[in-house]
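Let me begin by presenting the structure, written as structure tokens, before commenting on it.
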Amino acid sequence: MFQSRTNTCGELRLADVGKRVTLVGWLDSIREVSANLIFVVLRDFYGTTQIVADCEEMIRQLKEITRESTIQVTGVVRERSSRNPKQDTGDIELVPERVSVLGRCRYHELPFQVNRSREADEAVRLKYRFLDLRNPEVKRNMVLRSNVVAALRASMIEHGFLEITTPILTASSPEGARDYLVPARNHPGKFYALPQAPQQFKQLLMTAGFDRYFQIAPCFRDEDARADRSPGEFYQLDMEMAFATQEDVFAVIEDVLPPVFEKYGAYHRASSAPFVRIPYREAMDKYGSDKPDLRIDLTVSDATDLLAGCGFEPFAEGNRIKAVVVSGFKETRKFIDKVCADVEVQAGSKMYWFRMDENGEFVGGISKFLSDRHDAVITALQLTPGCFVGLSAGTLDAARKTAGVMVKTLGARVPGHMDPEQYAFCWIVDFPMYEVGEESGELEFCHNPFSMPSGGLAVLEAAERGEVDPLTITADQYDLVCNGVELSSGAVRNHDPDIMVKAFELVRLGEADVKAKFPAMYNAFCYGAPPHAGIAPGVDRMVMLLAGEESIREIIPFPMNKNAQDLMMDAPSEVTQRQLDELHIQLHLPKKE
RNA sequence: GGCCGAGUAGUUCAGUUGGUUAGAACGCUAGCCUGUCACGCUAGAGGUCGUGGGUUCGAGCCCCAUCUCGGUCGCCA
């Protein structure tokens with residue numbers, strides 16, 4: 001019954017006219033032009049081909065087939081009497097001799113129209129993802145993803161990296177996000193954990209003598225989702241280099257990523273090596289963010305001394321005030337209100353504003369509070385007529401964060417302050433090693449304890465003696481940022497057990513804690529470890545940037561929803577009592593109200 | 001867990017101060033149409049207005065509760 005196709009639906013051209021061919025695919029649509037003439041569009045992975053029927057029997061057969069059924073059509077290719085330049089196969093059509101249904105679609109009405117599935121409710125799309133993916137626009141992102149991963153892999157191999165897979169079932173890690181746990185049947189009461197990243201394994205590979213490692217690595221973290229963060233699982237281009245410095249890692253990434261971004265991205269322009277390096281503290285002051293969007297020319301100024309005590313209540317003593325100046329501002333009051341509302345939602349605190357009109361007067365917003373310092377404000381913020389000034393106030397963190405959101409929002413919406421069609425990379429460097437914990441009030445690791453403190457053992461010992469403020473110690477740790485999106489964190493690792501212990505001692509921990517938390521790594525490092533460094537850019541976020549999508553779910557073949565459910569597979573789901581018994585698990589469920 | 005937004009036909013949406021039989025487009029069904037390609041024309045079917053309660057002579061609309069989805073904050077070494 002079923003015979004192999006001779007061609008795909010995207011393949012036939014004028015040169016094929018006269019050939020007898022067999023095509024297979026999905027019945028995309030039927031156009032009934034008259035009782036004696038109908039056109040059927042056949043769609044497969046590769047494209048679409050028009051089938052024309054002008055005899056009674058064939059029309060009857062085709063009209064009986066429901067949309068989205070799979071069919072096989074054998075017939076002769078002929079030139080169309082009216083061509084369609086918008087279609088790759090628009091010069092030809094297939095005159096069918098035999099049609100058979102391979103897989104009948106049982107429904108006349110689908111959950112959504114396949115060619116318009118992106119407009120449908122997302123929960124419905126995810127439940128019927130197999131239909132959603134038939135939409136060429138949706139499918140295209142999966143093809144892009146495959147191409148990008150293949151290009152990254154090829155480039156890494158070309159750079160001398162060895163792809164090595166690491167365990168999925170491993171040990172729970174005491175640091176970082178929540179783990180996904182897997183009960184161990186043969187070890188009652190014990191659990192495997194899915195890796196949050198192959199961090200420790202890749203460092204062990206370095207210790208084992210592998211010089212350059214990489215992996216398109218699945219990572220699992222039980223944390224809540226965001227538009228750009230899939231819950232549960234995601235992929236990283238994980239890499240690590242032995243006997244390497246920060247600059248060695250930068251050089252590889254600066255060589256690998258731009259060509260891929262230029263070839264596969266929606267914008268065919270990417271930063272070239274070397275990417276701009278911005279110290280963390282400078283980024284926070286200048287852009288209000290540790291992931292600045294360098295396509296935007298706006299920056300943040302501190303206006304605390306300038307505006308404190310002006311009488312506007314949020315600018316009261318003790319609050320920090322940040323300002324973002326936008327020149328050439330011609331937008332309406334409605335526009336400003338919308339920006340303020342959107343900034344407040346994203347930043348969690350309010351945005352204030354005023355403008356300088358063409359006569360040099362301050363108007364709108366909080367301008368009436370500024371009359372006593374008109375000239376000083378102009379001088380300090382370097383205002384010119386037509387400037388808009390966005391303001392934020394609060395704790396340093398809150399004011400800075402709000403200002404950062406203002407930069408991105410105003411930059412994206414006010415014409416002339418952003419050159420959007422490019423990929424602007426930068427490195428954020430010199431992250432602080434320690435911070436004072438908000439809850440504990442005591443010194444804590446700022447990021448992860450694997451990173452090498454800049455200055456090594458000496459600086460830690462100086463801090464211990466009180467000669468150096470531990471808050472000024474930075475780590476050889478870096479973030480890769482592109483267009484305001486954090487693509488990756490990386491670091492020169494701390495490969496010296498003495499420095500590890502000392503780093504822990506500063507936060508009131510010690511050798512026993514290092515050994516308890518990272519037994520394999522600590523042990524391995526005692527047998528001669530190379531200095532090493534690495535990074536792990538997020539594959540999903542890179543593809544998202546390249547595809548120009550706003551939602552991470554658009555570039556994942558089978559995404560979970562915001563609540564980490566797979567609506568198509570119905571996961572997570574209950575299991576049988578027998579399964580629980582085998583695993584020695586007793587449920588203790590919260591009471592339902 | 002907090003905050004914001006959404007939930008009306010298979011789908012996307014409209015629905016005025018609370019007032020007759022809840023509309024449109026696409027899709028679906030039937031008919032017409034010999035070159036369509038977002039085909040066109042005519043007709044038809046299709047609704048627990050997320051759910052429950054309340055206010056009212058009367059609720060898609062107002063109030064309360066609740067569920068679901070999305071965004072965001074917390075969280076994400």
Side-chain angles (χ1 to χ4, degrees), chain A residues 28-41 48-56 59 63 66-68 78-87 89-91 93 107-128 131-132 173-179 195-197 199-200 219-232 234 341-349 398 401-402 405 431 433 435 438-439 444-451 475 477 486 489-491 493 517-518 536 538 550-551 553 561-563 565 567 592-593:
Chain A
D28 186 272
S29 60
I30 299 182
R31 290 186 292 272
E32 293 178 52
V33 174
S34 83
N36 306 311
L37 179 68
I38 71 169
F39 297 102
V40 171
V41 177
T48 57
T49 298
Q50 174 168 291
I51 314 291
V52 60
D54 53 8
C55 76
E56 197 177 321
I59 288 173
K63 279 176 68 173
T66 48
R67 306 279 191 285
E68 293 304 323
R78 82 174 180 204
E79 185 178 356
R80 291 196 199 182
S81 60
S82 58
R83 299 183 188 178
N84 181 359
K86 285 188 283 188
Q87 192 179 13
T89 60
D91 289 343
E93 62 194 358
Y107 303 93
H108 286 271
E109 290 200 295
L110 302 170
F112 44 76
Q113 290 165 245
V114 165
N115 62 348
R116 294 172 57 180
S117 67
R118 286 179 61 111
E119 299 167 29
D121 181 79
E122 201 166 15
V124 180
R125 289 179 65 193
L126 294 186
K127 178 163 182 177
Y128 295 91
L131 281 182
D132 187 26
S173 146
E175 300 282 335
R178 269 182 222 101
D179 282 320
Q196 295 183 23
Q199 182 70 36
Q200 298 196 59
C219 304
F220 306 89
R221 293 178 194 173
D222 185 4
E223 295 295 347
D224 289 347
R226 287 289 182 279
D228 65 350
R229 193 171 84 203
S230 184
F234 59 97
D342 291 349
V343 167
E344 188 177 344
V345 166
Q346 269 197 56
S349 63
K401 179 175 181 180
T402 309
V405 176
F431 276 83
M433 184 87 186
E435 65 184 353
E438 273 183 36
E439 284 176 25
E444 293 175 356
F445 285 114
C446 201
H447 287 271
N448 72 64
F450 302 112
S451 304
Q477 182 179 331
E486 182 190 327
S489 273
R493 319 298 175 183
K517 288 188 173 189
F518 313 107
E550 302 279 316
S551 164
R553 291 182 289 276
N561 70 4
K562 171 187 160 151
N563 297 320
Q565 294 166 298
L567 299 174
K592 281 182 182 169
E593 301 278 324

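Per chain, numbering begins at 1; letters A, B, ... match sequence-line order.
For the pair A:Arg221 and B:A77, the criterion of a side-chain N or O lying under 4.0 Å from OP1 or OP2 is met. Contact check, A:Gln113 against B:C28: no side-chain N or O comes under 4.0 Å of OP1 or OP2. Checking the phosphate oxygens (OP1, OP2) of B:C13, no side-chain nitrogen or oxygen of A:Arg116 falls inside 4.0 Å. Look at A:Arg80 and you won't find any side-chain N or O under 4.0 angstrom from OP1 or OP2 of B:U36.
Nearest to the side chain of A:Arg229, among B:C76, B:U36, B:C37, sits B:C76. Nearest nucleotide to the A:Ala123 side chain, out of B:U12, B:U34, B:C69: B:C69. Of the candidates B:G70, B:A77, B:G74, the closest approach to any side-chain atom of A:Gln199 belongs to B:A77. Across B:U29, B:G70, B:A77, the shortest atom-to-atom separation from the side chain of A:Glu122 is found for B:G70. Listed nucleotides: B:C37, B:A77, B:U12. Nearest to the side chain of A:Ala120: B:U12. For A:Lys401, whose side chain is taken as the heavy atoms from C-beta onward, the closest listed nucleotide among B:C28, B:C73, B:C37 is B:C73. Between B:A77, B:G71, B:U36, one nucleotide has an atom nearer to the side chain of A:His447 than all others, and that is B:A77. Side-chain proximity of A:Ser34 to B:C33, B:G74, B:C69: nearest is B:C33. Ranking B:C69, B:G1, B:G35 by closeness to the A:Asn561 side chain, first place goes to B:C69. Side-chain atoms of A:Gln50 lie closest to B:C37 of the nucleotides B:C37, B:G71, B:C28.
In this structure, B:G10 forms a base pair with B:C26, meeting either the Watson-Crick or the G-U wobble geometry with both donor-acceptor distances under 3.5 Å. In this entry B:A38 has no Watson-Crick or G-U wobble partner, no candidate having both defining distances under 3.5 Å. Base pairing annotation: B:C75 forms no Watson-Crick or G-U wobble pair, as no partner gives both donor-acceptor distances under 3.5 Å. Across all strands shown, B:C69 forms a Watson-Crick or G-U wobble pair, both distances under 3.5 Å, with B:G5.
Rounded to whole Å, the separation between the C1' atoms of B:G54 and B:A9 comes to 28 Å. Rounded to whole Å, the P atom of B:C37 lies 13 Å from the corresponding atom of B:G27. Atom C1' of B:C61 sits at a distance of 25 Å from the matching atom of B:G71, rounded to the whole Å.
For A:Glu223 (side chain) and A:Arg178 (main-chain N/O), a donor-acceptor pair under 3.5 Å exists by modelled atom type.
Between the side-chain ring of A:Phe112 and the base of B:U11, no stacking contact exists by the 5.5 Å and 30° definition.
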